[in-house]
Amino acid sequence: MSAATAPTGSAPAGTAPAGSAPAGSAPAGTALTRSAAPAAPATGLVDPTYDAVAVRSAAVVVRAYSTSFGWACRLLGDDVRDHVRGVYALVRVADEIVDDPRPGLSATERGALLTELEHEVGRARERGRSSNLVVHAFAGTARRFGIGDDLVAPFFASMRADLTVSAHDEASFAAYVHGSAEVVGLMCLRVFVAGDDAAYDRLAPGAARLGAAFQKVNFLRDLAEDADLRGRSYFPGVDVDAFGDADRDRLLADIDADLAVARVAIDELPRSSRRAVRVAHDLFAELSRRLAATPAATIRRERVRVPGPVKARLVARALAWDAVR
């Protein structure tokens with residue numbers, strides 16, 4: 001587990017399957033030809049056809065790696081959806097470099113690939129063009145909404161830490177969560193508020209805490225996989241082999257505090273993003289409740305999930321809530 005992303009799983013009943021392409025986008029595996037490109041969305045770039053293909057490529061990445069996040073994106077307004085996909089597609093590409101399962105790829109080689117990606121992101125943000133379609137899509141979003149080095153640099157620093165750090169103390173854990181999760185929430189917030197710096201400053205604490213909650217929940221859900229397959233232990237002071245109910249409860253209390261702060265900020269988001277973020281928040285709150293009801297010994301062995309029908313109820317509740325606001 002590296003960058004914070006929405007949990008994977010099947011799309012809830014009543015929503016479009018995550019693997020199906022929304023209007024104007026190509027399904028996974030479809031050639032992205034110049035003649036088939038749709039009208040380009042508004043970005044910080046300048047080549048409408050190439051920009052549109054890049055945006056579609058980012059959407060393919062999101063759908064392939066996170067079905068829950070894929071359908072959650074459908075709840076975003078048209079003016080922000082593609083930009084959020086661009087952010088998460090870059091996050092996923094970096095995450096895959098760090099967590100590439102091939103045993104023959106050394107940490108040094110992964111680090112070199114990550115450095116190449118970071119440099120390409122920097123160049124694309126400066127010149128508005130990249131031969132890497134995912135980077136190109138992200139650069140358009142970054143240039144349009146002012147996603148700067150204050151958010152991009154910590155992200156890559158946290159990704160790089162996964163190549164060398166196998167256990168964290170309080171300071172390194174805080175830095176890692178900030179770079180791998182909080183800044184992703186802040187990048188999305190830049191998109192949501194569309195240049196309103198006062199709104200960004202007011203809502204930033206809630207956005208950061210929501211990103212942190214996502215990451216910590218995923219750390220807890222992936223306790224076994226991270227320890228057994230990757231040799232990583234994220235939570236400071238937690239012995240994974242001796243993980244007990246008291247550890248679980250302490251970690252969930254911290255997560256629930258993050259979610260409570262984030263919940264207040266969600267009400268102030270623009271409508272184009274509010275309901276999608278509410279669904280994401282409620283999904284992770286449900287995961288927290290299910291983790292609290294799961295024995296620590298089971299968490300150590302199995303990944304806790306939210307069933308599809310429950311996800312559907314969370315979506316319906318968020319839509320009803322938003323409709324009366």
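- The pair D254-R250 does not count as a salt bridge, with every side-chain nitrogen at least 4.0 angstrom from each carboxylate oxygen.
- A cation-pi contact, defined as under 6.0 Å to the ring centre and within 45° of the axis, is absent between R248 and F243.
- R300 and D241 are joined by a salt bridge, as a carboxylate oxygen and a charged side-chain nitrogen come within less than 4.0 angstrom of each other.
- Residues L223 and V304 share a hydrophobic cluster, clusters being chains of Ile/Leu/Val/Met/Phe/Trp/Tyr side chains in contact below 4.5 Å.
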Trace of the side chain to side chain contact (heavy atoms under 4.5 Å, CB included) decision for L210 with L259 | CA-CA 6 Å; L210 186 59; L259 289 169; 4.0 Å; yes

Show your working on side chain to side chain contact (heavy atoms under 4.5 Å, CB included) between L117 and F156 and close with a plain yes or no.
-> CA-CA 9 Å; L117 180 64; F156 279 102; 4.0 Å; yes

Please assess R123 against E120 for the test salt bridge (charged side-chain N to carboxylate O under 4.0 Å, His left out), listing each intermediate value before the final yes or no.
-> CA-CA 5 Å; R123 289 190 293 265; E120 182 60 19; 2.8 Å; yes

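- Using a 4.0 Å cut-off between charged side-chain N and carboxylate O, R125 and E118 make no salt bridge.
- Put simply, the side chain of R221 never gets that close to the backbone of R303: no donor and acceptor are under 3.5 Å apart.
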Would D322 and R278 count as a salt bridge (charged side-chain N to carboxylate O under 4.0 Å, His left out) if you check the C-alpha gap in whole Å, the side-chain angles of each, and the deciding distance to 0.1 Å?
-> CA-CA 9 Å; D322 192 57; R278 171 69 186 269; over 6 Å; no

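- Using a cut-off of 4.0 Å between Lys/Arg side-chain N and Asp/Glu carboxylate O, D99 and R232 are scored as salt-bridged.
- Counting only distance, with no hydrogens or angles, the side chain of R275 and the backbone of A318 share no donor-acceptor pair below 3.5 Å.
- Using bins of under 30°, 30° to 60° and over 60° for the plane-to-plane angle, the ring pair F219/Y234 lands in the parallel bin.
- Judged purely by atom type and a 3.5 angstrom limit, E109 uses its side chain to pair as donor or acceptor with the backbone of S106.
- With respect to E286 and R289, a salt bridge is recorded, a charged nitrogen being found less than 4.0 Å from a carboxylate O.
- Using a 4.0 Å cut-off between a side-chain N of Lys or Arg and a carboxylate O of Asp or Glu, D228 and R301 do not qualify as a salt bridge.
- Here D162 does not pair with R230 in a salt bridge; the nearest charged N to carboxylate O distance is not below 4.0 Å.
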I'd like a table of donor-acceptor pairs (distance under 3.5 Å, sequence neighbours excluded) in which one partner is a side-chain atom from residues 260-269, with atom names and distances.
| from | atom 1 | to | atom 2 | distance (Å) |
| --- | --- | --- | --- | --- |
| R263 | NH1 | D267 | OD1 | 2.8 |
| E268 | OE1 | R202 | NE | 2.7 |

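- Checked by atom type and distance alone, the side chain of R143 pairs as donor or acceptor with a backbone atom of E126 at under 3.5 Å.
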